[in-house]
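Whatever order the structure lists ligands and atoms in, that order sets their numbers, starting from 1. These numbers come from a predicted model, not from an experiment.
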Amino acid sequence: MTSWPIDEVRRHFPALARTVAGQPVVYLDGPGGSQMPEPVIDALANYWRQGSANTHGAFITSQLTDRLIADARAAAADFLHAPPGATISFGANMTTLSFALADAMTGVLKPGDEIVLTDLDHDGNVAPWLRVAQRLGLIVRWAPMLPEGGTLDLDGLLALIGPHTKVVAVVGASNATGSITPLAPIRARTREVGARLVVDAVHWAPHLPVDAAAIQPDFLLCSAYKFFGPHGVGLLYAAPGAFDGLAPAHVRPQADTPPECIETGTKNHEGLAALVAAIDFIASWAPGAPTDRPTALTAAMERIGAYEAELFDVLWEGLGRVPGLTRYGRAPNGAPRTPTVSFAVEHVPTPTLGRRLGDQGIFVSAGTFYAHNWDLRLEAQGGTGAVRLGLAPYNTLAEVHRVVRAIEEACHAG
Ligand SMILES: Cc1ncc(COP(=O)(O)O)c(C=O)c1O
């Protein structure tokens with residue numbers, strides 16, 4: 001096992017003390033949202049304790065709030081490795097920002113333009129674009145999955161991008177199957193045809209470093225509650241100049257330049273304090289003593305990714321031994337993926353399995369995870385959704401063994 005100080009890490013998470021039926025809870029719904037460590041909980045409460053305020057006032061708590069927003073933008077830029085000139089806007093969550101972004105683009109799209117969406121994406125990166133497509137008469141091209149159903153068909157996707165393509169909206173890592181989309185060839189192809197690239201990094205950001213300077217998306221979205229932060233804080237990265245020519249909806253006194261131009265109303269100030277704490281918490285796990293936060297964040301995320309990958313190998317193998325169980329997504333044989341797997345069992349309905357695990361304190365998600373087209377495909381093959389297990393840095397090897405045993409038993413019970 002890598003040198004991940006799991007006991008020390010776990011001490012920071014009060015929710016791990018919860019028990020069900022006399023047993024400690026195993027939190028395996030990380031893809032639905034991570035647990036929150038004490039420093040993040042403290043940051044939330046401390047914002048209120050210091051005196052909450054709105055922005056731009058000539059008094060101390062308002063000035064602290066202004067400073068906090070600037071700090072949050074800087075922390076988020078470090079977390080996403082944003083190049084100079086890029087901006088980070090905040091919104092209620094990824095989905096809300098995604099609707100606002102798609103809406104902002106209506107002025108630069110016209111009937112007959114094409115957009116590429118995928119069969120694997122969470123609907124937060126699909127529905128906003130479908131809505132705009134319907135309104136404007138755009139042509140939607142659907143990037144398919146490979147036959148085993150958990151990974152995008154990259155060649156198929158690239159073949160859809162042509163001279164009329166204006167937007168490609170693609171998931172960086174699937175919250176349903178953990179597979180990772182190779183973004184470099186997609187970026188290269190979108191550049192050739194002058195299309196915008198929008199990346200959903202919601203499920204990727206908690207598991208691997210996100211390097212926006214290297215990926216060079218036009219826009220990239222993620223959500224703080226997936227990486228130890230609070231609910232209600234979505235992040236929208238925009239490349240330098242990405243908002244040029246767009247018209248995001250906002251009130252008249254609001255600045256019409258990024259990052260403010262797409263931010264509507266008062267922000268979640270306490271949530272932004274917690275976001276900064278979450279990012280600093282992650283950076284604090286970097287090995288050695290990196291001198292700057294971006295370097296610390298890369299090193300910490302790589303360390304987290306390595307630990308999660310080791311646990312995931314054991315989980316994947318264990319599930320593979322359960323009779324009648326089908327795992328969706330790519331095997332962890334060296335190809336990068338997140339530590340998330342979905343599966344279905346021939347003779348036990350998915351909701352039953354989810355309930356049996358929940359009753360003994362193993363918290364998993366059972367259903368479709370809003371990956372709407374992926375689910376429709378499963379249904380077409382006679383499936384009833386899937387059970388999803390997603391590891392987080394506070395999970396242990398003992399928990400992995402426990403969940404595999406519990407699934408075997410739940411399957412035996414028929
Ligand atoms: C891959 C992915 N994209 C988008 C979303 C939507 O994020 P939010 O809840 O912040 O709107 C989720 C949420 O689970 C997700 O996993």
Side-chain angles (χ1 to χ4, degrees), residues 27-36 72 76 79-80 88-103 117-131 143 145 150-152 168-181 183 197-208 210 215 217 219-237 262-264 267-268 271-272 274-275 278 308 328-329 336-342 363-375 385-392:
Y27 291 93
L28 290 177
D29 192 26
S34 50
Q35 300 306 309
M36 213 187 247
F79 183 60
L80 299 175
I88 309 287
S89 307
F90 296 117
N93 47 50
M94 179 277 179
T95 305
T96 305
L97 284 167
S98 186
F99 273 105
L101 177 63
D103 180 73
L117 308 176
T118 89
D119 268 349
L120 190 56
D121 267 77
H122 184 286
D123 219 43
N125 201 33
V126 175
W129 300 105
L130 278 184
R131 189 175 136 86
M145 285 185 288
T151 307
L152 273 185
V168 175
V170 66
V171 70
S174 162
N175 66 312
T177 65
S179 53
I180 288 194
T181 307
L183 293 171
L197 175 62
V198 179
V199 174
D200 173 357
V202 171
H203 181 64
W204 170 10
H207 301 294
L208 296 162
V210 177
I215 307 158
F219 296 99
L220 179 144
L221 301 105
C222 60
S223 220
Y225 72 94
K226 308 288 189 184
F227 52 87
F228 308 137
H231 294 111
V233 177
L235 285 67
L236 171 65
Y237 161 92
I262 199 163
E263 295 177 332
T264 47
K267 284 183 260 303
N268 178 352
L272 294 181
L275 169 70
E308 290 179 338
Y328 300 113
R337 71 181 329 293
T338 68
T340 295
V341 59
S342 293
F363 293 179
V364 304
S365 202
T368 70
F369 330 119
Y370 282 42
H372 192 60
N373 278 27
W374 175 76
D375 179 53
V387 174
R388 179 180 65 187
L389 309 178
L391 300 174

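Checking side-chain atoms of Asn175 against main-chain N and O of Val202 turns up no donor-acceptor pair under 3.5 Å. A donor-acceptor pair under 3.5 Å links the side-chain atoms of Lys226 to the main chain of Pro31, judged by distance alone. A distance-only check finds no donor-acceptor pair linking the side chain of Arg131 to the backbone of Asp103 [under 3.5 Å]. Using modelled atom types, no side-chain atom of Thr177 and backbone atom of Tyr328 make a donor-acceptor pair closer than 3.5 Å.
Residue contacts with ligand 1: Asn125 is excluded, as none of its non-hydrogen atoms falls under 4.0 Å. Residue Ser223 places a heavy atom less than 4.0 Å from ligand 1.
Residue contacts with ligand 1 for His122 involve side-chain atoms from C-beta outward but no N, CA, C or O (heavy atoms, distance under 4.0 Å). Using a 4.0 Å cut-off between heavy atoms, Tyr370 makes no contact with ligand 1 at all. With a heavy-atom cut-off of 4.0 Å, Asp200 touches ligand 1 through its side chain alone. When heavy-atom distances to ligand 1 are checked against a 4.0 Å cut-off, Thr95 comes that close through both its backbone and its side chain.
Within the structure, side chain to side chain donor-acceptor pair (under 3.5 Å) pairs that include any residue of residues 120-129 comprise Thr118-Asp121, Asp121-Asn125 (at least two apart or interchain).
Residue Met94 has at least one nitrogen or oxygen atom sitting less than 3.5 Å from a nitrogen or oxygen atom of ligand 1, judged on distance alone. For ligand 1, the polar-atom distance check finds no N/O of Thr96 at less than 3.5 Å from any of the ligand's N/O atoms. Considering backbone and side-chain N/O of His203, none are found under 3.5 Å from N/O of ligand 1.
Within ligand 1, the atoms closer than 4.0 Å to a non-hydrogen atom of Asn93 are 8 (P), 10 (O), 11 (O), numbered from 1 in the order shown. Every atom of ligand 1 with a heavy atom of Asn175 under 4.0 Å away is listed here by number and element: 1 (C), 16 (O).
Of the listed residues (Trp204, Phe369, Tyr225, Phe99), the one carrying the non-hydrogen atom nearest atom 9 (O) of ligand 1 is Tyr225.
Inter-residue side-chain proximity for Leu235 and Phe90 is flagged as met; some heavy-atom pair is nearer than 4.5 Å.
Counting non-hydrogen atoms of other residues, nucleotides and ligands closer than 6.0 Å to OH of Tyr370 gives a total of 12 or fewer.
Ring geometry, Phe363 versus Tyr27: the interplanar angle exceeds 60°, so the pair is classed perpendicular (tilted spans 30 to 60°).
Between the OG1 atom of Thr151 and the CG atom of Asp119 there is a distance of 12.5 Å, given to the nearest 0.5 Å.
At the shortest separation from atom 14 (O) of ligand 1 among protein heavy atoms lies Lys226 NZ, 2.7 Å.
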